[in-house]
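A, B, ... follow the sequence lines: proteins, then strands. Residue 1 opens every chain. All values below were derived from every heavy atom in this structure, side-chain atoms included, with hydrogens, water molecules and symmetry-related copies excluded.
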Protein chains: 2
Amino acid sequence: MTEIPKELSPRYTLVQAHLREGIKSGQWTVGDRLPSESELVAQFGVSRMTVNRALRELEQEGLIRRQQGAGSFVAPLERVASTLVIRDIHEEIAARGHRHEAELLQLGERRARRGEAERLGLEAGARLFHSRILHRENGLPLQLEDRLVNPACAPDYLAQDFRQQTPTAYLLQVAPLTGATYQIEAAAANAEEAQALGLSAGDPCLVIERSSRSHGGTVTWVRLVHPGARHVLTGSFEA
Amino acid sequence: MTEIPKELSPRYTLVQAHLREGIKSGQWTVGDRLPSESELVAQFGVSRMTVNRALRELEQEGLIRRQQGAGSFVAPLERVASTLVIRDIHEEIAARGHRHEAELLQLGERRARRGEAERLGLEAGARLFHSRILHRENGLPLQLEDRLVNPACAPDYLAQDFRQQTPTAYLLQVAPLTGATYQIEAAAANAEEAQALGLSAGDPCLVIERSSRSHGGTVTWVRLVHPGARHVLTGSFEA
DNA sequence: CAGTGGTCTAGACCACTAC
DNA sequence: TAGTGGTCTAGACCACTGA
């Protein structure tokens, strides 16, 4: 019937662009009702499925809110939300075009200390692997990585050369990630951390703690300590 | 033709559940090719549009990767990504069932200092509003809020009572949010900040700087300083 | 009740990929 | 060239909302 334009944006994106523009410009503001699906069908000369997809995706983005029987409305953007990405330190440094070096400070097996078994979902006093690595960017200490590993998920962990491949990369390979939780805080460097990172004890650090799961349960728990002055998390979001 | 089941999950979610299960269980692992759309059509007895939607949404989630002409594959979950939400401090404290108090330390109009005009997209030396508020949770200092406001976007800013309504809430009301950028870092409290927050100078703080835009441009820039020991950002993600 | 969004179908044409 | 995903249509039935 109607021709599908070649080399152009798909039609549903045209509908989205129209609504985005109206919201950005203030034509529709928070709480306003947007044109109904059938109105957009008439306006753009497309099928309802196409309009429906356009609106559904805008809803997934959080830009609009849809209510069956009532209509589509401009969503209140009360929250600054964006996807926070925590990347492998090697990738992150490489992406900046810099040199990454990993210094292995500790690697071994030991019994879980108080609280450690719980983090990995093991029984108290279970054996686990432990590693401590200092990551440098162009020679400058950037991250101190303290890691606990569930031996059941990565039995060959101790045999790896972590100067060649980061624990993160190795573990992703042997135990595909299916979930994670993390926590970000500011903390003072203790004496050990300060020495490794070339700071003074008490200096502010950005600390990320993360627990990663795979099919077989919790694979690893890691504490990443960064000099506060040298590591910043950034993000943005756009309506 | 085929009946649509009542009171049950939509059919596209059944297809998704099947694929999710296979990926979680390890039936398909990173890089594996998933059944094609037509195979899933045959397997589930649904139309291709339905299967297509199921797969498209899994791709948006990042769980699979699709390539025209080649197939759908299990995506490598290399990144710990999740939606980071920065909420209004009042909401955050109220959600914990605690008492929020705001102490107005400064409120006024002045000329932009060096670097400040740029953050708001104003000309050097332009006039702007400034406020400094200490937020307490159950009496304990939790956040020191230093804010610059573009007068063009919120001309009545100085007349508000910020003990009753946070600047965040007020500004969202008068200038609907259309975008923002933020930055998270660890920093040492300076003398002023330490005094306000009841810390010692040099104590680690979690600092969030955020710039918010509305239709009319940059509305406000804010620096939020939190005692490192008392504020943690958390999040999680699931395959 | 009329209008809304939620879901679904059975086709279709296209661009792309791998063999 | 055969098979893949990308997009689109013109219908349809349904659940829900608000007047």
Side-chain angles (χ1 to χ4, degrees), chain A residues 1-20 22-23 28 30-76, chain B residues 1-20 22-23 28 30-76:
Chain A
M1 180 72 64
T2 34
E3 313 162 9
I4 301 173
K6 295 177 184 178
E7 310 249 4
L8 279 178
S9 305
R11 298 184 165 187
Y12 69 90
T13 63
L14 302 181
V15 178
Q16 290 175 339
H18 174 252
L19 296 171
R20 269 187 231 278
I23 292 174
W28 299 297
V30 173
D32 284 0
R33 191 175 146 190
L34 298 167
S36 71
E37 292 193 352
S38 54
E39 286 169 331
L40 291 169
V41 164
Q43 184 176 345
F44 285 87
V46 299
S47 76
R48 202 186 136 215
M49 273 299 277
T50 301
V51 166
N52 183 273
R53 173 175 177 181
L55 291 169
R56 188 159 18 90
E57 291 187 356
L58 290 179
E59 184 179 35
Q60 284 174 339
E61 285 179 30
L63 192 60
I64 71 173
R65 189 173 48 80
R66 314 192 72 199
Q67 195 182 358
Q68 189 174 133
S72 300
F73 305 84
V74 179
Chain B
M1 179 75 61
T2 34
E3 313 161 8
I4 301 172
K6 295 178 182 176
E7 309 251 2
L8 280 179
S9 306
R11 298 186 164 186
Y12 69 90
T13 63
L14 301 181
V15 178
Q16 291 175 338
H18 173 251
L19 296 171
R20 269 188 232 279
I23 292 173
W28 299 296
V30 173
D32 284 0
R33 190 175 148 191
L34 297 167
S36 71
E37 292 193 351
S38 54
E39 285 169 331
L40 291 168
V41 163
Q43 184 175 344
F44 284 87
V46 298
S47 75
R48 203 187 136 215
M49 272 301 276
T50 301
V51 165
N52 182 274
R53 173 174 174 182
L55 292 168
R56 187 160 20 90
E57 290 187 356
L58 290 179
E59 184 180 36
Q60 284 175 338
E61 283 179 31
L63 192 59
I64 70 173
R65 189 174 49 79
R66 314 191 72 197
Q67 194 182 358
Q68 189 173 135
S72 300
F73 305 85
V74 178

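- For the ring pair (Phe, Tyr, Trp, His ring centres under 6.0 Å) test, residues two or more places apart in sequence or in another chain that qualify with B:Phe44 are B:His18.
- The CE-P distance, from A:Met49 to C:dT7, rounds to 10 Å in whole Å.
- Listed by chain and number, the residues in a side chain to side chain contact (heavy atoms under 4.5 Å, CB included) with A:Thr13 are A:Ser9, A:Pro10, A:Gln16 (sequence neighbours excluded).
- Residue A:Tyr12 places at least one side-chain N or O closer than 4.0 Å to OP1 or OP2 of D:dT7.
- If you measure from atom CZ of B:Phe44 to atom C1' of C:dC8, you get 16 Å, rounded to the nearest angstrom.
- Every residue meeting the side chain to side chain contact (heavy atoms under 4.5 Å, CB included) condition with B:Thr50, not counting sequence neighbours, appears here in chain and number order: B:Arg11, B:Tyr12, B:Val46, B:Ser47.
- Across the protein-nucleic acid pair, A:Leu40 atom CG and C:dG6 atom P stand 13 Å apart, rounded to whole Å.
- Spacing between atom CG of B:Leu14 and atom C1' of C:dT7 amounts to 12 Å, rounded to whole angstrom units.
- Note on B:Ser47: every side-chain N or O is 4.0 Å or more away from OP1 and OP2 of C:dG11.
- As rounded to whole Å, 12 Å separates atom P of C:dG6 from atom CG of A:Leu58.
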Kindly give the atom pairs (protein nitrogen or oxygen, nucleotide nitrogen or oxygen) under 3.5 Å for nucleotides 2-5 of chain D.
from: D:dG3; atom 1: N2; to: B:Gly69; atom 2: O; distance (Å): 3.2
from: D:dT4; atom 1: OP1; to: B:Ser36; atom 2: OG; distance (Å): 3.3
from: D:dT4; atom 1: OP2; to: B:Ser38; atom 2: OG; distance (Å): 3.4
from: D:dT4; atom 1: O2; to: B:Gly69; atom 2: N; distance (Å): 3.1
from: D:dG5; atom 1: OP1; to: B:Ser72; atom 2: OG; distance (Å): 3.4
from: D:dG5; atom 1: OP2; to: B:Glu37; atom 2: N; distance (Å): 2.8
from: D:dG5; atom 1: N7; to: B:Arg48; atom 2: NH2; distance (Å): 3.4

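- Remark: A:Arg53 is in phosphate contact with D:dT7, judged by side-chain N or O atoms under 4.0 Å from OP1 or OP2.
- Legend: residues meeting side chain to side chain contact (heavy atoms under 4.5 Å, CB included) with B:Gln68, ordered by chain and number and at least two apart, are absent.
- The distance between atom CZ of A:Arg56 and atom P of D:dC8, rounded to the nearest whole Å, is 13 Å.
- Atom CD1 of B:Ile64 sits about 12.0 Å away from atom CZ of B:Arg33, to the nearest 0.5 Å.
- Rounded to whole angstrom, the span from the CZ atom of B:Arg11 across to the P atom of D:dC13 amounts to 15 Å.
- For B:Arg48, the salt bridge (Lys or Arg N to Asp or Glu O under 4.0 Å) criterion is met by B:Glu37, not counting sequence neighbours.
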